[in-house]
Amino acid sequence: MRSHLITTRLVTVGCLTVAAVLGTASVASAEPAQSTTAVRSSAASTVAPVNRVHWGPKDLIGGSGVLGATVTLTDAAGKTRSTVVQSGNWFFVPAEGLTPTYSITQSIGGRTSAPVTFGTPSDVDIPAVSQISNGPSGMVTGLGVANAEIRIEGADGQVVTATANVTGRWIAYPVGFERGLSITQKSRGHWSDPVVFN
């Protein structure tokens, strides 16, 4: 009887040992789930790309980003300009002297977004002003690119500037200028060819 009792206990201990092994295997099988969780956490730490990128007034490229992020614009020649996203989540970067196509990223907290490509080489092919005519009181008017800066230089070196409205119409008063006016316009950071108006 004693031998039988001892055998029973040994079997019982053996069962407990098997259960412990099974428990260890169960924990091991949970390891891939822990790895998956780590990947998801890494993905959540990325920064979204900038959006709503557009040409703004005064040779600016604007868009929307993460408040406080540093936005970096790189042109086709590798030149860079940076700014910080302000309240309302808007940013504006001066594009004067830069050459498209542009690559734009934003960085915050040591993380950098994927780049957004904006613009084409033809964006800086600014046409010459047109439909130039005289008006009353020494006024000169014409048609250009919307929001462009208009520059009028007289043959005597005097200069006056104006800004085209949203339809491209502009008005200036080069009063007293020597005729043979040279008129150019600047948009998207680049100047057009001059037009001479007498």
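- Closest non-hydrogen pair, Pro174 versus Val140, comes out as CG-CG2, 3.7 Å.
- The distance from atom CG of Asp125 to atom CZ of Arg188, rounded to the nearest 0.5 Å, is 10.5 Å.
- Counting only heavy atoms from C-beta outward, the side chains of Pro100 and Thr120 never approach each other to under 4.5 Å.
- Residues Leu181 and Gly154 come closest through the heavy atom pair CD2-CA, 3.8 Å.
- Looking at Pro94 and Arg81, their side chains come closer than 4.5 Å, going by heavy atoms from C-beta outward.
- Val84 and Phe91 sit in two unconnected hydrophobic clusters of ILVMFWY residues. Membership requires side-chain heavy atoms under 4.5 Å apart, directly or through other members.
- Using a 4.5 Å heavy-atom threshold, the side chains of Gln106 and Thr70 count as separate.
- If you take OG on Ser130 and CG on Leu143, they are separated by 4.5 Å, rounding to the nearest 0.5 Å.
- Distance alone, capped at 3.5 Å, places no donor-acceptor pair between the Thr83 side chain and the Val71 backbone.
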Could you please spell out the steps behind the side-chain hydrogen bond (donor to acceptor under 3.5 Å, both in side chains) verdict for Thr72 and Thr80? CA-CA 7 Å; Thr72 301; Thr80 61; over 6 Å; no
Problem set entry | Derivation of the side-chain contact (heavy atoms from CB on, under 4.5 Å) call for Gln185 and Val145 | CA-CA 8 Å; Gln185 65 175 336; Val145 175; 3.7 Å; yes
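- Side chain of Asp59 to backbone of Ala95: no donor-acceptor contact under 3.5 angstrom is found.
- If you take CD1 on Ile150 and OG on Ser187, they are separated by 9.0 Å, rounding to the nearest 0.5 Å.
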- Show the numbers, then the answer: is there a side-chain contact (heavy atoms from CB on, under 4.5 Å) between Thr141 and Arg169? CA-CA 7 Å; Thr141 184; Arg169 182 62 59 182; 3.6 Å; yes
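- The heavy-atom pair separating Ile108 from Leu67 by the smallest distance is CD1-O, 3.7 Å.
- Using a 4.0 Å cut-off between charged side-chain N and carboxylate O, Arg151 and Glu149 make no salt bridge.
- With a 4.5 Å cut-off on side-chain heavy atoms, Val166 and Asn147 count as touching.
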Note to self: For Thr163 and Trp170: C-alpha separation, side-chain torsions, deciding distance, then whether side-chain contact (heavy atoms from CB on, under 4.5 Å) applies.
What the structure shows: CA-CA 6 Å; Thr163 301; Trp170 54 267; over 6 Å; no
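- Defined by atom type and a distance below 3.5 Å, a donor-acceptor pair is missing between the side-chain atoms of Thr117 and Ser103.
- The same ILVMFWY cluster, assembled from side-chain heavy atoms under 4.5 Å apart, contains both Leu73 and Val116.
- Remark: side-chain polar atoms of Asp75 are not paired, donor with acceptor, to backbone N or O of Tyr102 under 3.5 angstrom.
- Taking each heavy atom of Ser192 and Pro127 in turn, the nearest pair found is CB-O, 3.2 Å.
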Should Asp193 and Thr184 be marked as a side-chain contact (heavy atoms from CB on, under 4.5 Å) after you check the CA-CA gap, both sets of side-chain angles, and the distance that decides it? CA-CA 6 Å; Asp193 291 332; Thr184 56; over 6 Å; no
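- Annotation: the span from Arg179 atom CZ to Asn198 atom CG amounts to 8.0 Å, rounded to 0.5 Å.
- Put simply, the side chain of Arg111 never gets that close to the backbone of Val47: no donor and acceptor are under 3.5 Å apart.
- Note on Val53: it does not cluster hydrophobically with Val66, by side-chain heavy-atom contacts below 4.5 Å among ILVMFWY residues.
- Heavy atoms of other residues, nucleotides or ligands lying less than 6.0 angstrom from CZ of Arg52 number 12 at most.
- Using cut-offs of 30° and 60° for the angle between ring planes, the Trp55 and Phe118 rings count as tilted.
- A continuous path of Ile, Leu, Val, Met, Phe, Trp and Tyr side chains, each step under 4.5 Å between heavy atoms, connects Phe197 with Ile152, placing both in one hydrophobic cluster.
- Of all heavy-atom pairs spanning Ile126 and His190, the tightest one is CG1-O, 3.5 Å.
- Rounding to the nearest 0.5 Å gives a distance of 9.0 Å between OG1 of Thr74 and CD1 of Ile104.
- At a threshold of 4.5 Å between side-chain heavy atoms, the hydrophobic network of Ile, Leu, Val, Met, Phe, Trp and Tyr places Leu60 and Val93 in two separate groups.
- Remark: Glu96 engages Lys186 in a salt bridge, criterion side-chain N to carboxylate O under 4.0 Å.
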